[in-house]
Amino acid sequence: MGRPQRKLDRGAWHHRAQLALWLREHKQRSGLTYREMAQQAPFSATVFSRAASGRIVPTLEIVEAFAAVCRVDPTPGRELWKRARHERARAAGRGVNSPQPMRPEYIRDHATLRLALIELHQAMGELSLRELERRAQSSGDKLSRGTIHGVLKGRRVPTRRFVGSFVRACGIPESAAAVWLAGWDRAERRRSLQTMADKPPTFTGGNTARSFRYDAQRLLEKYRKDGLHLDLMEEILIRHVEETRRRDIELGESRIPGNTHRSASPAVSNMGDTE
């Protein structure tokens with residue numbers, strides 16, 4: 001019979017205490033000592049004892065091994081572990097206000113995509129980079145610790161493949177991962193449009209106003225179903241129309257044969273009609 005464990009502090013660390021209670025309860029029901037548990041798992045008796053002490057938040061691997069030795073379903077333990085890790089992150093000033101991450105439907109650009117990935121990571125208990133890498137490999141995905149760290153710190157722009165692999169490693173089912181990929185698509189389209197807005201149009205001579213208006217209409221048709229981007233599209237078109245007019249004047253093309261009754265401006269003024 002082992003020594004009785006210390007009384008738990010259920011005040012400031014409520015979820016950590018709940019996790020420790022869950023571990024203690026199932027250990028008691030199993031009738032095993034920590035030494036006997038260690039003989040059936042790759043962890044020592046001291047590791048199991050500290051996990052149920054309530055003084056720390058153990059790793060997910062230890063919680064799952066604890067449940068396996070005690071022959072119980074680890075699902076409730078995983079949920080308690082996520083909440084305990086989230087509680088710890090908030091205390092350290094890294095957490096978000098709710099254990100529920102941002103909904104991927106609200107992703108509109110790469111800044112909100114990064115925020116959503118960070119909140120998902122925190123809500124899932126801040127799995128270690130090594131554990132995320134291991135989970136990805138076990139499911140046939142590829143994630144490196146360096147890439148994960150760079151994306152979460154905002155030093156790298158995630159690829160579509162990264163987003164899919166990351167959310168699956170965080171426990172998001174394949175059926176729900178598609179919504180995250182759609183969020184990446186919106187973010188990438190906005191990044192592409194912003195790049196266009198910052199880059200002046202290329203002129204090769206000829207009927208510049210008419211050719212630009214044709215290109216503008218094609219762009220509007222391509223993105224007209226995504227209402228989030230119409231304001232940015234208008235900004236891009238206004239910039240390009242102004243640049244086109246300036247170049248037309250320089251090239252002596254302010255009046256173009258076959259196009260005397262229309263200017264480049266309708267491409268912008270009629271933008272609402274295409275929507």
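Numbering starts at 1 and runs along the sequence shown. Not measured: the values here are computed from a predicted model.
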Identify whether Val72 and Trp81 are in the same connected component of the hydrophobic contact network (ILVMFWY, side-chain heavy atoms under 4.5 Å). yes
Kindly say whether Val69 contributes a backbone atom to a donor-acceptor pair with the side chain of Arg71 at under 3.5 angstrom? yes
Residues that Arg161 engages under salt bridge (charged side-chain N to carboxylate O under 4.0 Å, His left out), provided they are two or more places apart: none
Those residues at least two apart in sequence (or on a different chain) that pass side chain to side chain contact (heavy atoms under 4.5 Å, CB included) with Thr112 are Ile107, Arg108, Asp109
Any idea which heavy atoms bring Trp22 and Ala67 closest together, and the distance? CH2-CB, 3.9 Å
Side-chain (Trp184) to main-chain (Pro158) donor-acceptor, under 3.5 angstrom: yes
Return the CZ to CZ distance between Phe43 and Phe48, rounded to the nearest 0.5 Å. 6.5 Å
Under 4.5 Å between any side-chain heavy atoms of Arg168 and Glu174, yes or no? yes
If the condition is salt bridge (charged side-chain N to carboxylate O under 4.0 Å, His left out), which residues does Glu25 pass it with, not counting sequence neighbours? Arg29
Using the ring of each side chain (for Trp, its six-membered ring), is Phe162 parallel, tilted or perpendicular to Phe166, with breaks at 30° and 60°? parallel
Are a donor atom and an acceptor atom from the side chains of Thr147 and Arg156 found within less than 3.5 Å of each other? yes
Residues which pass salt bridge (charged side-chain N to carboxylate O under 4.0 Å, His left out) with Glu61, listed by chain and number, not counting sequence neighbours: none
Atom CD in Glu79, atom CZ in Arg83: separation rounded to 0.5 Å? 5.0 Å
Please report the interatomic distance CD(Glu64) to OG1(Thr59), rounded to the nearest 0.5 Å. 8.5 Å
Any donor-acceptor N/O pair, Arg16 side chain to Arg55 backbone, under 3.5 Å: yes
Heavy-atom donor-acceptor pair, Arg186 side chain to Glu105 backbone, under 3.5 Å: yes
Is the NZ or CZ atom of Lys27 positioned over Phe66's six-membered ring, under 6.0 angstrom from the centre and within 45° of the axis? no
Applying side-chain hydrogen bond (donor to acceptor under 3.5 Å, both in side chains), can you list everything that pairs with Glu188, at least two apart in sequence or on another chain? His110, Arg191
Contact summary for Ala45 and Ala38, nearest pair of heavy atoms: N-CB, 3.5 Å
By side-chain hydrogen bond (donor to acceptor under 3.5 Å, both in side chains), which residues pair with Glu131, not counting sequence neighbours? Arg134, Arg135
Nearest 0.5 angstrom please: Leu23 CG to Ser53 OG, how far? 9.5 Å
Looking at His15 and Leu80, would you say the former's side chain and the latter's main chain have a donor-acceptor pair under 3.5 Å? no
May I ask whether Leu152 and Val167 are part of the same hydrophobic cluster, defined by side-chain heavy atoms of I, L, V, M, F, W, Y residues being less than 4.5 angstrom apart, directly or through others? yes
